[in-house]
Enquirer: 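I am attaching a structure below and will ask some questions about it afterwards.
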Amino acid sequence: MRSAKDFFRPLAVGAPTPLTQVPARPSRVIHFFDPSNPKMAAKVPGLVGTVDVLLGNLEDAVKADRKEAARAGLVEIARATDFGQSTQLWTRINALDSPWALDDLTTLVTEIGDTLDVVMVPKVQGAEDIHYVDRLLAQLEAKAGLTRPILVHAILETARGMVNVEEICGASPRMQGLSLGPADLAADRRMKTTRVGGGHPGYLVRTDPVDGDVQGERATAQQDLWHYTIARMVDACAMHGIYPYYGPFGDIQDVVACEDQFRNAFLLGCVGTWSLHPVQIEIAKRVFSPSAQDVAHARRVVAAMGDGTGAVMLDGRMEDDASLKQCLVIVELAERLSQTDPALAELYAATTVPEEG
Ligand SMILES: CCC(=O)SCCNC(=O)CCNC(=O)[C@H](O)C(C)(C)COP(=O)(O)OP(=O)(O)OC[C@H]1O[C@@H](n2cnc3c(N)ncnc32)[C@H](O)[C@@H]1OP(=O)(O)O
Ligand SMILES: O=CC(=O)O
Ligand SMILES: [Mg+2]
């Protein structure tokens, strides 16, 4: 572990100074595309401004014989595209033990490092993986003459990564956030599922038998397979001042269950999710933006709480310092999203609390 005094020093001579706070830029939807797929690549310019993050994926879902093409495609797209103020460019590199990760980082940082905001690192096992990427990025940033540090986002998709989640979050000032990787995590944990995220009908609870009749009608309710993992990830991220995200939802056609999974993650504290297909973009944006109703209520509580201490009654409910803090989370998120999303700005403006008297 580095000493507290050294933590924010660059790891290479000439590399930019690390940030002391992760920028709070909207990232409700991280939209994945395969830069080696001409149809998807052609859609990128049209997606700018409609998603918070465009992520050029180089890892899983890109065929082994297309890895170089994907990397080169991303360089080309980054150079040819104006991402504007409201869309960031991220990449997901190949796993650190793969034949491609070193070239991914070397090429991307030296060729398009000034355009790249965040590097997503898959299958992170512990702080040692982040330390490796941290130093290498610093060396490459210095070589490329970059003036702002590239941030790092880890995917939580191994059992060891889960166990080490707190140390991963705190391994570097570059750490921007974590995403849940339910597909790889399920495999690594030897869970008996065959899906990419979401629930499973077999994972349920059942009411007790009535009068001991175990064969009688008994209601069941499907449970959330990912509750523990997401909650643990959220705590680790909050503790270290970085951002938690849900990850992929593979049943593209089941937009209803997708929305449910995204909403569970949002309510538990995640700031965003991945979209794998254009149909998931609108769902993610809607779910990860607070509703106008919640913003209106939060603003009323803030107004009613005056200096923020004590207790008041509002619509029959007690509000105090702690509920105020929750409301401030909603109000601050609404204000931040309004800065880059004009439709939301208009929606939330209509909920402004009128001044008393
Ligand atoms: C599981 C663990 C993980 O690692 S998840 C992250 C890795 N996976 C991915 O990144 C998957 C990304 N998405 C995809 O590859 C495709 O969306 C998949 C799921 C294969 C479906 O593609 P396809 O059968 O073409 O769907 P479709 O016919 O409904 O497509 C309609 C038009 O939209 C396009 N499209 C599709 N996906 C994207 C995307 N992610 N970004 C941009 N465009 C996309 C298609 O190319 C198709 O275009 P067109 O209308 O034919 O011109
Ligand atoms: O990379 C994502 C996953 O679910 O695996
Ligand atoms: Mg994965």
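Computed from a predicted structure; not experimentally measured. Reckoned from all heavy atoms, side chains included, excluding hydrogens, waters and symmetry mates. Residue indices begin at 1 and follow the sequence shown. First listed ligand is number 1; within each ligand, the first listed atom is number 1.
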Enquirer: Other residues, nucleotides and ligands only: do more than 12 of their heavy atoms fall within 6.0 Å of CD on Glu76?
Expert: no

Enquirer: Could you tell me which atoms of ligand 1, counted from 1 in the order shown, lie closer than 4.0 angstrom to a heavy atom of Val196?
Expert: 1 (C)

Enquirer: Is there a heavy atom in Gly250 that sits closer than 4.0 Å to ligand 1?
Expert: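 False for this residue.
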
Enquirer: Does a sphere of radius 6.0 Å around CZ in Arg135 hold more than 12 heavy atoms from other residues, nucleotides or ligands, not counting ones at 6.0 Å or beyond?
Expert: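 Atom CZ in Arg135 is not packed in, count stays at 12 or less.
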
Enquirer: Mind checking whether Arg92 contacts ligand 1 via backbone (N, CA, C, O), side chain (CB onward), both or neither, at a 4.0 Å heavy-atom cut-off?
Expert: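 It is the side chain that touches ligand 1; the backbone stays farther off.
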
Enquirer: Using distance alone, determine whether Trp274 and ligand 1 share an N or O pair under 3.5 Å.
Expert: no

Enquirer: Would you say Glu111 and Thr107 are linked by a side-chain donor-acceptor pair, where the criterion is simply a distance under 3.5 Å?
Expert: no

Enquirer: Leu276 heavy atoms, cut-off 4.0 Å: which ligand 1 atoms fall inside?
Expert: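 Reading through ligand 1 atom by atom, the close ones are 5 (S), 6 (C), 12 (C), 13 (N), 14 (C), 17 (O), 37 (N), 39 (C), 40 (N).
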
Enquirer: Please determine if Asp294 and Arg299 form a salt bridge, counting it only when a charged side-chain N lies under 4.0 Å from a carboxylate O.
Expert: no

Enquirer: In the protein, which heavy atom is nearest to atom 37 (N) of ligand 1, and how far is it?
Expert: Pro278 CD, 3.5 Å

Enquirer: Examine the side chains of Ser3 and Arg9 and answer whether a donor and an acceptor come within less than 3.5 Å of each other.
Expert: no

Enquirer: A quick test of your reading: do over 12 heavy atoms of other residues, nucleotides or ligands sit less than 6.0 Å from CG of Asp211?
Expert: no

Enquirer: By the definition side chain to side chain contact (heavy atoms under 4.5 Å, CB included), identify the one residue from Gln176, Met120, Met233 that meets it with Tyr245.
Expert: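 Looking at Gln176, Met120, Met233, the match for Tyr245 under the side chain to side chain contact (heavy atoms under 4.5 Å, CB included) is Gln176.
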
Enquirer: On a heavy-atom basis, I'd like to know which of Met40, Glu157, His277, Glu59 is closest to atom 31 (C) of ligand 1.
Expert: His277

Enquirer: Of all the atoms in ligand 1, which lie at a distance below 4.0 Å from a heavy atom belonging to Pro248?
Expert: 5 (S)

Enquirer: Taking the N/O/S atoms of Glu157 one by one, which is nearest to the Mg ion (ligand 3)?
Expert: OE1

Enquirer: Is there a protein heavy atom less than 4.0 Å away from atom 52 (O) of ligand 1?
Expert: yes

Enquirer: Kindly indicate whether the side chain of Leu55, heavy atoms from C-beta on, has any atom under 4.5 Å from the side chain of Phe33.
Expert: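 Side-chain contact under 4.5 Å: no.
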
Enquirer: Would you say the side chains of Ser179 and His153 form a donor-acceptor pair under 3.5 Å?
Expert: yes

Enquirer: Hey, is atom 29 (O) of ligand 1 touched by any protein heavy atom at less than 4.0 Å?
Expert: yes

Enquirer: Please check this pair: side chain of Arg71 against backbone of Val75, looking for a donor-acceptor N/O pair closer than 3.5 Å.
Expert: no

Enquirer: The Mg ion (ligand 3) is nearest to which N, O or S atom of Asp184?
Expert: OD2

Enquirer: Any atoms of ligand 1 less than 4.0 Å from a non-hydrogen atom of Ala61? List them with their elements.
Expert: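 Every atom of ligand 1 under 4.0 Å from some heavy atom of Ala61: 7 (C), 8 (N), 9 (C).
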
Enquirer: Out of all atoms in ligand 1, which are within 4.0 Å of some heavy atom of Ala183? Include the element for each.
Expert: 1 (C)

Enquirer: Heavy atoms of the protein only: does one fall short of 4.0 Å from atom 10 (O) of ligand 1?
Expert: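 Neighbour list for atom 10 (O) of ligand 1 includes protein heavy atoms (cut-off 4.0 Å).
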
Enquirer: May I ask you to list the atoms of ligand 1 that are less than 4.0 angstrom from any heavy atom of Lys39?
Expert: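 Reading through ligand 1 atom by atom, the close ones are 46 (O), 51 (O), 52 (O).
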
Enquirer: Tell me yes or no: between the side chains of His200 and Thr193, is some donor less than 3.5 Å from an acceptor?
Expert: no

Enquirer: Looking at Arg317, I'd like to know if its CZ atom is crowded, meaning that more than 12 non-hydrogen atoms belonging to other residues, nucleotides or ligands lie closer than 6.0 Å.
Expert: no

Enquirer: May I ask whether atom 20 (C) of ligand 1 is less than 4.0 Å from at least one protein heavy atom?
Expert: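 No, there is none.
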
Enquirer: Quick one: which ligand 1 atoms are inside 4.0 Å of a heavy atom on His31?
Expert: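 Listed by number with element: 39 (C), 40 (N), 41 (N), 42 (C).
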
Enquirer: For Asn57, take its heavy atoms, then give the atoms of ligand 1 lying under 4.0 Å from any of them.
Expert: 7 (C), 10 (O)

Enquirer: Any carboxylate oxygen within less than 4.0 angstrom of a Lys/Arg side-chain nitrogen, looking at Glu319 and Arg300?
Expert: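 So Glu319 does not pair with Arg300 through a salt bridge.
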
Enquirer: As a test of the contact definition, would atom 25 (O) of ligand 1 count as having a protein heavy-atom neighbour under 4.0 Å?
Expert: no

Enquirer: So is Lys43 polar-close to ligand 1, meaning N/O to N/O under 3.5 Å?
Expert: yes

Enquirer: Can you sort out the partners of Arg263 under salt bridge (Lys or Arg N to Asp or Glu O under 4.0 Å), two or more places apart, ordered by chain and number?
Expert: Glu259

Enquirer: Among side-chain atoms of Asn94 and Asp104, is any donor-acceptor pair under 3.5 angstrom?
Expert: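 Yes.
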
Enquirer: Phe249 vs Phe262 aromatic rings, parallel, tilted or perpendicular, using cut-offs 30° and 60°?
Expert: perpendicular

Enquirer: For Phe7, look at atom CZ and say whether over 12 heavy atoms of other residues, nucleotides or ligands are found less than 6.0 Å away.
Expert: yes

Enquirer: Got the residues with a heavy atom under 4.0 Å of ligand 2, by chain and number?
Expert: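 Contacting ligand 2 under 4.0 Å are Arg92, Glu157, Gly181, Pro182, Ala183, Asp184, Pro248, Trp274.
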
Enquirer: Under 4.0 Å from atom 14 (C) of ligand 1, do we find at least one protein heavy atom?
Expert: yes

